[in-house]
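Along the sequence shown, the residues carry numbers beginning at 1. No experiment lies behind these values; they were computed from the predicted model shown.
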Amino acid sequence: MKTQLKTYKVEEMIAGFVFNEYEGKGVYGLAGNLVIQPEYQRHYIYGDGKRDAAVIHSLLRAYPIGLLYFNVDGDVLEVLDGQQRITSIGRFVTGKFAIKQDGKEQTFSSLPLEAQRTILTSPLLAYHCTGTEKEIKEWFQTINISGVPLNDQELLNAIYSGPFVTAAKAEFSNSNNANLQKWHSYVKGNPKRQEILAVALSWVASSKGEKVDGYLAKHRGDNNIAELKAYFTSVIDWVGSVFTRPPEKEMQGLDWGRLYEAYHARAFNPATLDARVKELIADPAVRDRKGIYEYLLSDEQSPQLLDIRIFEEKDKAAAYAQQTAKAEAAGVSNCSVCASVDNNNRARIYTRKEMEADHVTAWSKGGATTIGNCEMLCTPHNRAKGNR
């Protein structure tokens with residue numbers, strides 16, 4: 001790859017700049033000759049006020065804001081690195097936000113003319129990079145390891161840029177999408193950082209036994225995302241139809257794609273499930289509420305999903321003392337299972353370390369994790385009993 005250093009003034013760089021509030025493609029500079037947000041770039045993510053303002057204050061103080069890198073694509077330039085800084089400058093000059101200057105809120109138009117000229121005439125250094133697509137995207141990945149690093153999906157968007165990624169970003173990376181509130185009941189992530197898109201892709205790819213990069217490679221040239229959108233919608237709608245009570249915070253971020261594949265063909269009674277969800281959320285023995293939903297979908301066969309609260313040491317010690325005293329007086333083992341069968345351990349008194357606490361009535365059958373439901377069994381018999 002070849003590079004050539006060029007110098008621009010800010011007013012040249014942002015000529016023709018229009019910020020797309022809906023975060024799609026179409027942010028341009030250099031009078032339309034610079035694509036500030038090419039397909040493989042992530043969306044503008046500063047927008048928190050602090051980093052925006054830092055860029056503007058740097059210009060006002062004549063501080064350098066760092067090298068920019070542009071890909072030369074025929075007669076058009078594409079921003080490889082520097083999108084956030086250029087966008088901050090363009091947004092400020094076009095009145096999208098204000099900064100604190102001399103104790104006052106100042107937009108670009110309210111700044112003294114001298115300060116405005118300082119910004120507009122500030123020099124910006126940019127390398128023009130020429131090379132193959134592979135070279136350019138490898139370079140793009142390399143230079144984006146500082147600042148706010150690219151996440152995995154942002155890198156995949158760069159590698160497999162094309163009509164499919166563009167359409168997918170328009171649907172799943174648009175923070176103004178009317179479905180976003182519903183999605184966020186079950187999916188965790190920032191659409192601007194491609195985190196909703198990453199989930200959607202992982203679900204559909206996994207359903208086909210593929211990796212996300214393989215799925216993107218296969219569909220890179222597609223002009224629509226019908227399959228991706230339909231599968232994601234099917235999963236979300238299924239969750240809402242099975243668990244009809246208002247979504248709990250614990251539902252956000254679960255692997256609903258995997259659960260959909262495992263259980264969507266089965267029939268469930270939503271009223272019964274909702275009642276059990278309510279009970280389990282209120283149960284102090286349940287330490288992992290996120291496991292409630294898979295526990296219920298799997299017919300309550302895996303209590304380990306709930307990380308059930310174990311008996312406290314003082315309760316185990318009290319149960320051991322009571323059982324041992326009664327067993328010694330009766331001349332039988334302090335393990336009730338050993339005492340009830342004719343074997344070599346029928347009269348054996350186990351040490352505390354040789355015994356484990358067991359729910360007399362299994363937790364899954366309504367037994368509480370209290371001393372009144374605690375029984376000490378020898379380790380082999382407790383582990384053989386399991387959840388019966």
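- Looking at E195, its side chain does come within 3.5 Å of a backbone N or O of N190 through a donor-acceptor pair.
- Distance check, rounded to the nearest 0.5 Å: CG of N179 to OG1 of T233 gives 7.0 Å.
- In the hydrophobic clustering (ILVMFWY side chains linked at under 4.5 Å, chained through shared members), L377 is joined by V337.
- Using a cutoff of 4.0 Å between basic side-chain nitrogens and carboxylate oxygens, E154 and R193 are scored as salt-bridged.
- Hydrophobic clustering places L306 together with I281 (ILVMFWY residues linked when any side-chain heavy atoms are closer than 4.5 Å, directly or through intermediates).
- Taking a 6.0 Å sphere around CD of E105, one finds it holds more than 12 heavy atoms contributed by other residues, nucleotides or ligands.
- Applying side-chain contact (heavy atoms from CB on, under 4.5 Å) to L59 and the options P123, S88, S122, P64 leaves one that passes, S122.
- Taking Y127 as the reference, Y69 meet the ring-ring contact (aromatic ring centres under 6.0 Å, His included) condition, with sequence neighbours excluded.
- A search for side chain to side chain donor-acceptor pair (under 3.5 Å) contacts involving E294 returns R258, not counting sequence neighbours.
- With sequence neighbours left out, the side chain to side chain contact (heavy atoms under 4.5 Å, CB included) criterion links Y63 to S58, R61.
- Here the CG-CD1 distance, from L30 to I86, works out to 8.0 Å after rounding to the nearest 0.5 Å.
- Here L305 contributes atom CG and I292 contributes atom CD1; the two are 10.5 Å apart, rounded to the nearest 0.5 Å.
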Start with the C-alpha gap between Q301 and S298, add the side-chain angles, then the distance that decides, and say whether side-chain hydrogen bond (donor to acceptor under 3.5 Å, both in side chains) holds.
CA-CA 6 Å; Q301 295 300 305; S298 60; over 6 Å; no
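- Checked against ring-ring contact (aromatic ring centres under 6.0 Å, His included), F243 has the following partners two or more places apart in sequence or in another chain: Y293.
- Electrostatic pairing of D283 and R276 does not count as a salt bridge here, judged by no charged N lying under 4.0 Å from a carboxylate O.
- The closest side-chain donor-acceptor pair between N345 and S333, if any, does not fall under 3.5 angstrom.
- Residues S173 and Q194 have side chains that bring a donor and an acceptor to within less than 3.5 angstrom of each other.
- Between the side chain of S241 and the main chain of W238, a donor-acceptor pair closer than 3.5 Å is present.
- Under the side chain to side chain donor-acceptor pair (under 3.5 Å) criterion, K182 pairs with D237, not counting sequence neighbours.
- At least one donor-acceptor pair closer than 3.5 Å links the side chain of R85 to the backbone N or O of G66.
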Can you give each donor-acceptor pair under 3.5 Å made by side-chain atoms of residues 7-18, sequence neighbours left out, with the distance rounded to 0.1 Å?
from, atom 1, to, atom 2, distance (Å)
Y8, OH, H128, NE2, 2.7
E11, OE1, R117, NH1, 3.4
E12, OE2, K9, N, 2.9

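- Judged purely by distance below 3.5 Å, without hydrogens or angles, the side chains of Q37 and Q83 pair a donor atom with an acceptor atom.
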Go through the steps for D274 and R245 under the test salt bridge (charged side-chain N to carboxylate O under 4.0 Å, His left out), then give the verdict.
CA-CA 6 Å; D274 286 354; R245 60 185 277 119; 5.5 Å; no
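- Counting heavy atoms from C-beta outward, Q106 and K100 have side chains that stay 4.5 Å or more apart.
- Under the side chain to side chain contact (heavy atoms under 4.5 Å, CB included) criterion, S185 pairs with P247, not counting sequence neighbours.
- For the pair D73 (side chain) and V76 (backbone), a donor-acceptor distance under 3.5 Å is absent.
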Are D299 and R266 close enough, and set up right, to give a salt bridge (charged side-chain N to carboxylate O under 4.0 Å, His left out), and what steps lead you there?
CA-CA 11 Å; D299 292 332; R266 295 178 53 186; 2.8 Å; yes
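- With D222 contributing its side chain and N224 its backbone, the two residues share no donor-acceptor pair below 3.5 Å.
- Residue pairs satisfying the ring-ring contact (aromatic ring centres under 6.0 Å, His included) criterion with at least one member in residues 188-215, sequence neighbours excluded, are listed as follows: W203-F232, Y215-H219.
- Rounding to the nearest 0.5 Å gives a distance of 9.5 Å between OG of S110 and CD of Q101.
- Every residue meeting the side chain to side chain contact (heavy atoms under 4.5 Å, CB included) condition with V332, not counting sequence neighbours, appears here in chain and number order: A327, A330, A339.
- Under the 4.0 Å criterion applied to side-chain N and carboxylate O atoms, E171 and K229 are assigned as salt-bridge partners.
- Judged by distance alone, the side chain of E354 and the main-chain N or O of T351 form a donor-acceptor pair under 3.5 Å.
- Two residues are said to be in side-chain contact when any heavy atoms from C-beta on lie closer than 4.5 Å; Y263 and V242 fail this criterion.
- Within the model, atoms OG1 of T118 and CG of L60 stand 6.5 Å from one another, a figure rounded to the nearest 0.5 Å.
- Nearest heavy atoms, L280 versus L296: CD1-CD2, 3.8 Å.
- Panel note: side chain N334, backbone Y350; a donor-acceptor pair is recorded below 3.5 Å.
- Within the 4.5 Å cutoff, the side chain of L156 has heavy atoms near those of the D213 side chain.
- Using a distance-only test at 3.5 Å, with no hydrogens or angles considered, a donor-acceptor pair links the side chain of Q116 to the main chain of F108.
- Among residues two or more places apart in sequence or in another chain, the ring-ring contact (aromatic ring centres under 6.0 Å, His included) test is passed with H264 by Y260.
- With respect to the salt-bridge test (charged N to carboxylate O, under 4.0 angstrom), the residues K208 and E227 qualify.
- Taking CG of D288 as the reference point, atom CG of D307 lies at 6.0 Å (rounded to 0.5 Å).
- Put simply, the side chain of H184 gets close to the backbone of G189: a donor and an acceptor are under 3.5 Å apart.
- Side-chain heavy atoms closer than 4.5 Å link hydrophobic residues (I, L, V, M, F, W, Y) into clusters, and following such links, even through other members, never connects I349 to M355.
- Taking K316 as the reference, F311, E313, R352, A357, M376 meet the side chain to side chain contact (heavy atoms under 4.5 Å, CB included) condition, with sequence neighbours excluded.
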